[in-house]
**Student:** 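Handing you this structure, nothing more for now.
Proteins come first, then strands; the chains are lettered A, B, ... in the order of their sequence lines, and each starts at number 1.
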Amino acid sequence: MSQVRVRFAPSPTGFFHIGSARTALFNGLYARHTGGKFILRIEDTDKERNSDAFLKVIFDSMRWLGMDWDEGPEVGGDYGPYFQSQRTGLYKAKLQELAAKGRAYEKDGAWWLRLEGARTAAYDEHLKKDYEKVDAAPMVLHDLVRGQVARVEDRDFVIFRSNGEPVFHFVNVVDDIEMRITHVIRGEDHLSNTSKHLELFKAFGVEPPKYAHIPLILKTDGPGKMSKRDKGALIEEYQQRRYLPSAVRNYLCLLGWTPADGKEVLPIEEIIRQFEISAVHQSNARFDERKMSHVNAQTLRNLPAAEFAALARPILLESKVIDASVSDARLAEILGIVQEKVVSLEHLPEFMGFFFTADFKPDEGAKANLTKKGGDPVARVRELLPVLEAAAWNEPALEAAFAAVGAAHERKPTDYFAPVRFAVSGQGGGAHLLGVLRVLGRDTTLARLKSFAA
RNA sequence: GCCUCCUUCGUCUAGCCCGGUCCAGGACACCUCGUUUUCACUGAGGUAACUGGGGUUCGAAUCCCCAAGGGGGCGCCA
């Protein structure tokens, strides 16, 4: 079989929707899996609804997600131009081709595709109007995901508007032919359009590509598919919230497809290796922000330390937690104990800000919890202070100090943990406490404890 | 109204094609417990599902039919 050629064909009419991202992703995965080509084509035939700003959103989002295209805008290719607005001549020529065959005709200023079959008058309950029903043969689709799906297209449809512009169904098919597309992977919302497309391929006398209609992403709760107004529906939201693009991509793969080996958090190379269209699910999936967040956290913790640091530094700079004077070595030391606990880059500044300033904002909830377990927190810190002052500043010694003070006052060593954490960080949770004290350093730790106990 | 797709824990799903190994496995979330480390960590447990009804069969989550529910489409939008 010849080389696989798939395309993602968005219309720059809005934001980059999570469903679009996944469609693009599945196309890209299939291209990479098979060693084929991934083509980006911009469907901007409707001038009323297009904008250059939206175009940039598509490019930025796709690149952010690591979905680079082999042919298309900004990269070129042998089958361009890749903007449908620049292919008008081609569409007109193809329309003439159908007209010459007697398969297209003009009516009310628009051009229509003429279906083959006997005609009768009928009434459409939905549109509340009469129409000419065509007794056409069913179009049988052998969908790679859904199997055989037959549907009858029973009336002629518009392929060129009266304003001279071609409609979606027409350009979509013409370009798939001209661009030598071998597989069309798209959302299930296009399933019932496919009979129109198959009629067009038939009219052109061209063998249609293989189709794969993938399930849709539904709202977390409530009826219907994700709409752009739903929380979490737009890729830019994840960029703003510091999600790792690889984690977003990973989660999106899990919506509609399952890795054969059952591992859910896995690198893109492994996803590409395992990805099969035949394994794509048939049923729609509900979007789950919490699971996505979990995938993000897992991915974050699995990052090599250097990579984590490279991501963390600009975020900490931007939030003014650190300035440029903080050395890589110092940052690495802190990040070393933070990475295993933090769940998102978004929360990194508040999670580790106390390492750089004593002027942190105490967590009121944590403060309220202090007295619950260990009694009076100030008393605990006072008991502990002299022992810590005498201790060597490494984790085993610090652990021994907590144990000693606990034994001396007939308390559990852990009764001292929460007060100490709160005193040095203002928080109720966070990185491993002994590590925090070690990295914070003897002087800073003791100073904050004294200040707390004063 | 018509066309079409889908239907396993709250959610994402494995199993279904090739019926018995499934009183249905995993993950997220939730709950409980654990550690001389509190915790946004980690470990161990737990609650929780084959939409319903017929049929085929010795035997059905798995095959067939019907119903119900959900999704999508029905535009000179894409």
Side-chain angles (χ1 to χ4, degrees), chain A residues 9-14 43-46 48-50 84 107-112 122-128 141 143 145-147 149-155 157-169 171-172 187-195 213 215-216 218 220-221 223-225 251 254-258 260 262-265 281-295 297 301 340-344 347 351 366 369-370 373-374 399-400 402-404 406-407 411-422 427-435:
Chain A
S11 180
T13 59
E43 306 217 329
D44 53 354
T45 54
D46 183 2
E48 303 287 308
R49 291 173 48 178
N50 285 311
Q84 290 185 330
K107 189 181 85 178
D108 302 333
W111 282 85
W112 302 65
Y123 181 73
D124 187 310
E125 291 286 348
H126 182 70
L127 267 33
K128 307 290 183 202
L141 166 68
D143 194 272
V145 171
R146 279 150 219 290
V149 180
R151 186 169 184 278
V152 178
E153 198 61 40
D154 71 351
R155 68 191 74 175
F157 56 92
V158 171
I159 52 181
F160 251 78
R161 292 191 271 263
S162 53
N163 68 2
E165 290 171 19
V167 305
F168 161 72
H169 304 298
V171 293
N172 196 263
E188 203 222 58
D189 49 342
H190 284 292
L191 188 59
S192 43
N193 284 330
T194 310
S195 49
H213 286 91
L216 302 182
L218 270 27
T220 302
D221 37 46
K225 59 178 176 176
Y251 174 70
L254 264 24
L255 246 28
W257 173 77
T258 307
K263 283 201 173 65
E264 295 188 320
V265 179
H281 308 152
Q282 298 184 314
S283 51
N284 296 160
R286 245 173 233 288
F287 177 75
D288 184 356
E289 160 97 47
R290 291 177 305 186
K291 180 128 185 184
M292 186 173 191
S293 177
H294 171 258
V295 172
R301 292 200 196 100
E340 64 179 20
K341 291 281 189 165
V342 76
V343 296
S344 81
H347 297 127
F351 192 78
N369 282 334
L370 277 183
K373 278 190 172 179
E399 185 172 1
F402 276 92
R411 288 187 167 278
K412 291 192 299 183
T414 47
D415 285 349
Y416 293 84
F417 276 81
V420 169
R421 180 187 291 285
F422 185 77
Q427 296 177 6
H432 187 300
L433 182 63
L434 299 179

**Student:** Write down the partner of C18(B) under the Watson-Crick or G-U wobble criteria, each distance required to be under 3.5 Å.
**Tutor:**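 For C18(B), the partner nucleotide comes out as none, under the 3.5 Å rule.
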**Student:** Check whether any side-chain N or O of Arg146(A) sits under 3.5 Å from a backbone N or O of Gln282(A) as a donor-acceptor pair, and report yes or no.
**Tutor:** yes
**Student:** Rounded to the nearest Å, what distance is computed from the CG atom of residue Leu434(A) to the C1' atom of nucleotide U35(B)?
**Tutor:** 14 Å
**Student:** Identify the two heavy atoms, one from Val167(A) and one from Val158(A), that lie closest to each other, and give their separation to 0.1 Å.
**Tutor:**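 Smallest interatomic distance, heavy atoms only, reads CG2-O, 3.2 Å.
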**Student:** Would you tabulate the nitrogen or oxygen pairs shorter than 3.5 Å linking the protein to nucleotides 41-50 of chain B?
**Tutor:**
{"from": "C41(B)", "atom 1": "N1", "to": "Lys341(A)", "atom 2": "NZ", "distance (Å)": "3.4"}

**Student:** When we call it a touch if two heavy atoms are under 4.0 Å apart, what does Gly262(A) touch: a base, just sugar-phosphate, or nothing?
**Tutor:**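 Here Gly262(A) touches no strand at all.
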**Student:** List the atom of Pro12(A), the atom of Glu43(A), and the distance in Å for their closest heavy-atom pair.
**Tutor:** CD-O, 3.8 Å
**Student:** What interatomic distance, in whole Å, is found between C1' of G75(B) and the corresponding atom of C65(B)?
**Tutor:**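 Roughly 37 Å separates the two C1' atoms.
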**Student:** Reckon Gly406(A) touches a base, only the sugar-phosphate, or nothing at all at heavy-atom distances under 4.0 Å?
**Tutor:** nothing
**Student:** Determine the Euclidean distance between corresponding C1' atoms of C63(B) and C2(B); express it in Å to zero decimal places.
**Tutor:**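 The answer is 30 Å between these two C1' atoms.
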**Student:** CG of Asn172(A) versus C1' of G73(B): gap in Å, rounded?
**Tutor:**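 One finds 15 Å between C1' of G73(B) and CG of Asn172(A), rounded.
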**Student:** Between Glu399(A) (CD) and U35(B) (C1'), how many Å, whole number?
**Tutor:** 11 Å
**Student:** Could you tell me which nucleotide pairs with G43(B) by Watson-Crick or G-U wobble geometry, both distances under 3.5 Å, or answer none if nothing does?
**Tutor:**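 For G43(B), the partner nucleotide comes out as C33(B), under the 3.5 Å rule.
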**Student:** Say you pick atom C1' in G46(B) and the same atom in U7(B); how far apart are they, in whole Å?
**Tutor:**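 The answer is 28 Å between these two C1' atoms.
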**Student:** With both distances under 3.5 angstrom, what nucleotide forms a Watson-Crick or G-U wobble pair with G52(B)?
**Tutor:** C66(B)
**Student:** Given the C1' atoms of C77(B) and U62(B), what is the spacing between them in whole Å?
**Tutor:**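 42 Å, rounded to whole Å.
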**Student:** For Trp111(A), give me all partners under ring pair (Phe, Tyr, Trp, His ring centres under 6.0 Å), at least two apart in sequence or on another chain.
**Tutor:** none
**Student:** When we call it a touch if two heavy atoms are under 4.0 Å apart, what does Phe351(A) touch: a base, just sugar-phosphate, or nothing?
**Tutor:** base
**Student:** Using the salt bridge (charged side-chain N to carboxylate O under 4.0 Å, His left out) criterion, which residues pair with Asp143(A)? Sequence neighbours excluded.
**Tutor:** none
**Student:** For Gly224(A), which contact category applies under a 4.0 Å heavy-atom criterion: base, sugar-phosphate, or nothing?
**Tutor:**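 Counting heavy atoms under 4.0 Å across all strands, the contact made by Gly224(A) is with sugar-phosphate only.
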**Student:** Who is the Watson-Crick or G-U wobble partner of G1(B), with both distances under 3.5 Å?
**Tutor:**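 The base-pairing partner of G1(B), which may sit in any strand shown, is C74(B).
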**Student:** Who are the side chain to side chain donor-acceptor pair (under 3.5 Å) partners of Thr258(A), not counting sequence neighbours?
**Tutor:** His281(A)
**Student:** Base, sugar-phosphate alone, or nothing: which one does Leu216(A) contact when heavy atoms must sit under 4.0 Å apart?
**Tutor:**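 Touches sugar-phosphate only.
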**Student:** Mind telling me whether Phe402(A) and Phe417(A) have parallel, tilted or perpendicular rings, with 30° and 60° as the class edges?
**Tutor:** parallel
**Student:** From the options U36(B), A40(B), C76(B), select the nucleotide whose nearest atom is closest to the side chain of His347(A).
**Tutor:** A40(B)
**Student:** If I take atom CZ in residue Phe422(A) and atom P in nucleotide C39(B), what distance separates them, rounded to the nearest angstrom?
**Tutor:** 16 Å
**Student:** Taking side chain to side chain contact (heavy atoms under 4.5 Å, CB included) as the test, write out the residues that go with Ala285(A), two or more places apart.
**Tutor:**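 If we apply the side chain to side chain contact (heavy atoms under 4.5 Å, CB included) test to Ala285(A), skipping adjacent residues, the hits are Leu255(A).
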**Student:** Applying salt bridge (charged side-chain N to carboxylate O under 4.0 Å, His left out), can you list everything that pairs with Glu340(A), at least two apart in sequence or on another chain?
**Tutor:**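 Partners of Glu340(A) under the salt bridge (charged side-chain N to carboxylate O under 4.0 Å, His left out) test: none.
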**Student:** Roughly how many Å apart are C12(B) and C6(B), using the C1' atom of each and rounding to a whole number?
**Tutor:**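 Their C1' atoms lie roughly 16 Å apart.
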**Student:** Could you run through nucleotides 3-13 of chain B and give me one letter per nucleotide, 5' to 3': B if any protein heavy atom sits under 4.0 Å from the base, S if only the sugar-phosphate is that close, - if neither?
**Tutor:** SSSSS--BSBS
**Student:** Rounded to the Å, how far apart are Leu127(A) CG and C74(B) P?
**Tutor:**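 Distance check: Leu127(A) CG to C74(B) P gives 10 Å.
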**Student:** So, using salt bridge (charged side-chain N to carboxylate O under 4.0 Å, His left out) as the criterion, who are the partners of Lys291(A) when residues are at least two apart?
**Tutor:**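 Partners of Lys291(A) under the salt bridge (charged side-chain N to carboxylate O under 4.0 Å, His left out) test: Glu264(A).
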**Student:** Using atom P in both nucleotides, what's the gap between G69(B) and C31(B) to the nearest angstrom?
**Tutor:**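 Those two atoms are separated by 35 Å.
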**Student:** Between atom CD1 in Ile159(A) and atom C1' in C77(B), what is the gap in whole Å?
**Tutor:**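 For the pair Ile159(A) CD1 and C77(B) C1', the rounded distance is 17 Å.
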**Student:** Take atom NZ of Lys412(A) and atom P of U36(B), then tell me their distance rounded to the nearest Å.
**Tutor:** 9 Å
**Student:** P atom, C9(B) versus G53(B): distance in rounded Å?
**Tutor:** 16 Å
**Student:** Using a heavy-atom cut-off of under 4.0 Å over every strand shown, decide if Asp108(A) touches base, sugar-phosphate, or nothing.
**Tutor:**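 Base contact - Asp108(A) has a heavy atom under 4.0 Å of at least one base atom.
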**Student:** Shortest non-hydrogen contact from Leu216(A) to Glu188(A)?
**Tutor:** CD2-N, 3.6 Å
**Student:** Residues in salt bridge (charged side-chain N to carboxylate O under 4.0 Å, His left out) with Glu153(A), at least two apart?
**Tutor:** Arg151(A), Lys196(A)
**Student:** Within the stacking criterion (centroid distance below 5.5 Å, interplanar angle below 30°), does His126(A) stack on G1(B)?
**Tutor:**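 Answer is yes, a stack.
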**Student:** Can you name the side chain to side chain contact (heavy atoms under 4.5 Å, CB included) partners of Asp124(A), sequence neighbours left out?
**Tutor:**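 Counting only residues at least two positions away or on another chain, Asp124(A) forms a side chain to side chain contact (heavy atoms under 4.5 Å, CB included) with His126(A), Leu127(A), Tyr131(A), Arg155(A).
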**Student:** Go nucleotide by nucleotide along RNA chain B from the 5' end; which of Arg155(A) and Pro166(A) gets its closest nucleotide reached first?
**Tutor:** Arg155(A)
**Student:** Can you tell which of A78(B), G71(B), U36(B) lies closest to the side chain of Asn193(A)?
**Tutor:**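 Ranking A78(B), G71(B), U36(B) by closest atom to the Asn193(A) side chain puts A78(B) first.
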**Student:** Measure from CZ on Phe417(A) to P on U35(B) and round the result to the nearest Å.
**Tutor:** 13 Å
**Student:** Quick check: closest heavy atoms across Gly256(A) and Pro215(A), and the distance to 0.1 Å?
**Tutor:** CA-CG, 4.1 Å
**Student:** Below 3.5 Å between N/O atoms, which protein atoms pair up with nucleotides 65-67 of chain B? Just atom names and distances, please.
**Tutor:**
none

**Student:** In terms of the nearest nucleotide of RNA chain B, which residue is placed more toward the 5' end: His432(A) or Trp112(A)?
**Tutor:**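 Nearest nucleotide further toward 5': that of His432(A).
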**Student:** Quick one: ring pair (Phe, Tyr, Trp, His ring centres under 6.0 Å) partners of His169(A), sequence neighbours excluded?
**Tutor:** His197(A)
**Student:** Between U35(B) and G71(B), how far apart are the two P atoms, rounded to whole Å?
**Tutor:** 48 Å
**Student:** Could you tell me which nucleotide pairs with C23(B) by Watson-Crick or G-U wobble geometry, both distances under 3.5 Å, or answer none if nothing does?
**Tutor:** none
